[in-house]
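What follows is one structure encoded as structure tokens, with my remarks underneath.
Below, each value reflects all heavy atoms present in this structure, side chains not excepted, and no hydrogens, waters or symmetry copies. Numbered from 1 within each chain, the chains take letters A, B, ... in sequence-line order.
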There are 2 protein chains.
Amino acid sequence: MAPGPIDKSQVPQATVPRLARYLRVLHRLESEGVPKVSSKELAERLDANAAQIRKDFSYFGEFGVRGVGYEVEYLIDQLSRCLGVSEKWKVIILGAGKLGSALARYRGFQEEGFDLVGVFDSSQRVVGLDIDGVTVRPERELAEFLKDNPVDIAILTVPGEVAQLVADKVIAGGVKGIVNFAPARLASVDGVFIRQVDLSTELMVVSFYLSKECSPR
Amino acid sequence: MAPGPIDKSQVPQATVPRLARYLRVLHRLESEGVPKVSSKELAERLDANAAQIRKDFSYFGEFGVRGVGYEVEYLIDQLSRCLGVSEKWKVIILGAGKLGSALARYRGFQEEGFDLVGVFDSSQRVVGLDIDGVTVRPERELAEFLKDNPVDIAILTVPGEVAQLVADKVIAGGVKGIVNFAPARLASVDGVFIRQVDLSTELMVVSFYLSKECSPR
DNA sequence: CAGTGTGAATTCATTCACAGCG
DNA sequence: CGCTGTGAATGAATTCACACTG
């Protein structure tokens, strides 16, 4: 498989977040000094199906050695490249409330090729604050900032009512990817990838499975 | 359909988070004073497929009127009941770092039947702090707290290294649902529902779709 | 021979299309 | 008539099972 550049639209959508999880486990294995791993061992760590893991890899190439398994370091390199995390992405965070500043400090982002270059907020109360070395800027400077500093990805942690407004601004400024934590569906735009993350939905999913039955009426 | 209590294991897993999103849109419609809505109108608001929405509802009952549509208020009641959010769930948050306290303050949780009854942290630096009326308790008091105050759902916002440890403690204390924000897969336990939420995975998914191709080697 | 890579089989999810009802 | 509710058709994702290789 994979005799040349891969067409990403051929990769099942469900595969993509799994690749990220494989990568995390592999990093852990690497830090434990484990040199190689089989799909079966990976599957146990992830409680997943070994065939699923192999198939997921197969969309991108042949990364293993038959009868042996996968070399951890090599597999990390390959998956990182496939996921695009070996490139350096410029990221900004819109909204420096609790969630925004939690994300700004989150180490996982910085470690995986995401370079936080700005945090913006419209409230005077937080503008000027320093979050782990990044100063919170006033939102009215956003458009100008984007002119001078091309940004790839915007993380939206603004209130739902202004999410679409802010999204429009960053898209106008050339941002090509958005992770939206605001509880508001954003209008889709050609050439811009939008990922919706819904914290309260997660709680409701848990409550669904906890409430034992659902008697009608 | 649905002549009696519904068997939740019959409901497609993909349906559950969608119900939560339907509910949010319906609440918005309600606050706009809209009395009824068709599956087509809902679909437009959500950019989803109208048949999908009707089918999702059909797992739980017949909520609409043929030729007319759905009464907004009635539908909210029904879906809330199906999702279990009309029950009152006792929730604790483990880990009062930035993310934990962001979630503690998040209004959406409180509004939808989730009652935050405690926040715990192991660090002296945050124990005793007040987060919107809830005091951060020392984690060593967790087991005792759970004995006196039954808790349904635990939100884990602790570092990945201690996530399993903390999860074991809350499960021992009778918690039946966990939303885990720590980047660590938790061992599954019978009778305990665990939902993994992965913030850095979301960023990687975006980076995947942004990086235009993935040339091998 | 152990473990990958992958067609084929299966399961799960979405969408279509229309009968049936208010 | 218009819109729901739902079997049937399609499509996507997962799992099986085994040929193949180092």
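Contacts of B:Phe57 with the nucleic acid, taken as non-hydrogen atoms under 4.0 Å apart, are absent.
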Sequence neighbours excluded and cut-off under 3.5 Å, please list the side-chain donor-acceptor pairs for residues 157-170 of chain B, or say none.
residue  : atom : partner  : partner atom : Å
B:Thr157 : OG1  : B:Leu94  : O            : 3.0
B:Thr157 : OG1  : B:Gly95  : O            : 2.7
B:Gln164 : OE1  : B:Ala187 : N            : 3.0
B:Gln164 : NE2  : B:Asp168 : OD1          : 2.9
B:Lys169 : NZ   : B:Glu139 : OE2          : 3.1

May I have the list of side-chain donor-acceptor pairs in residues 175-183 of chain B shorter than 3.5 Å, sequence neighbours left out?
residue  : atom : partner  : partner atom : Å
B:Asn180 : OD1  : B:Ala182 : N            : 2.9
B:Asn180 : ND2  : B:Ala182 : O            : 3.3
B:Asn180 : ND2  : B:Ala184 : O            : 2.8
B:Asn180 : ND2  : B:Gln196 : OE1          : 2.9

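Looking at the side chain of B:Lys55, the nearest of the listed nucleotides C:dG3, C:dA19, C:dT14 is C:dT14. The side chain of B:Arg66 lies closest to C:dA19 when the candidates are C:dA19, C:dA13, D:dA17.
A:Glu202 places no side-chain N or O within donor-acceptor distance of the main-chain N or O of A:Leu199, the cut-off being under 3.5 Å.
Here the NZ atom belonging to A:Lys147 is positioned 11.0 Å from the CG atom belonging to A:Leu142, to the nearest 0.5 angstrom.
Within residues 32-53 of chain B, the residues approaching DNA chain C are B:Asn49, B:Ala51, B:Gln52, by heavy-atom distance under 4.0 Å.
Between B:Tyr59 and C:dA13, a side-chain N or O to OP1/OP2 separation shorter than 4.0 Å is absent.
Rounded to an integer number of Å, the gap from CZ of B:Arg54 to C1' of C:dC18 is 11 Å. If you take CG of B:Asp56 and P of D:dT4, they are 14 Å apart, rounded to a whole angstrom. We find that CZ of A:Phe60 is positioned 17 Å from C1' of C:dT4, with the value rounded to whole Å.
Using the six-membered ring where Trp is involved, A:Phe57 and A:Phe63 have ring planes that are tilted, between 30° and 60° apart.
Under the ring pair (Phe, Tyr, Trp, His ring centres under 6.0 Å) criterion, B:Phe120 pairs with B:Phe145, not counting sequence neighbours. Residues that satisfy the salt bridge (Lys or Arg N to Asp or Glu O under 4.0 Å) test with A:Glu32, not counting sequence neighbours, are A:Arg45.
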Within the sub-3.5 Å range, which N or O atoms of nucleotides 9-12 of chain C have a protein N or O partner, and how far apart are they?
none

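Side chains of B:Leu186 and B:Leu156 form a contact here, defined as non-hydrogen atoms less than 4.5 Å apart.
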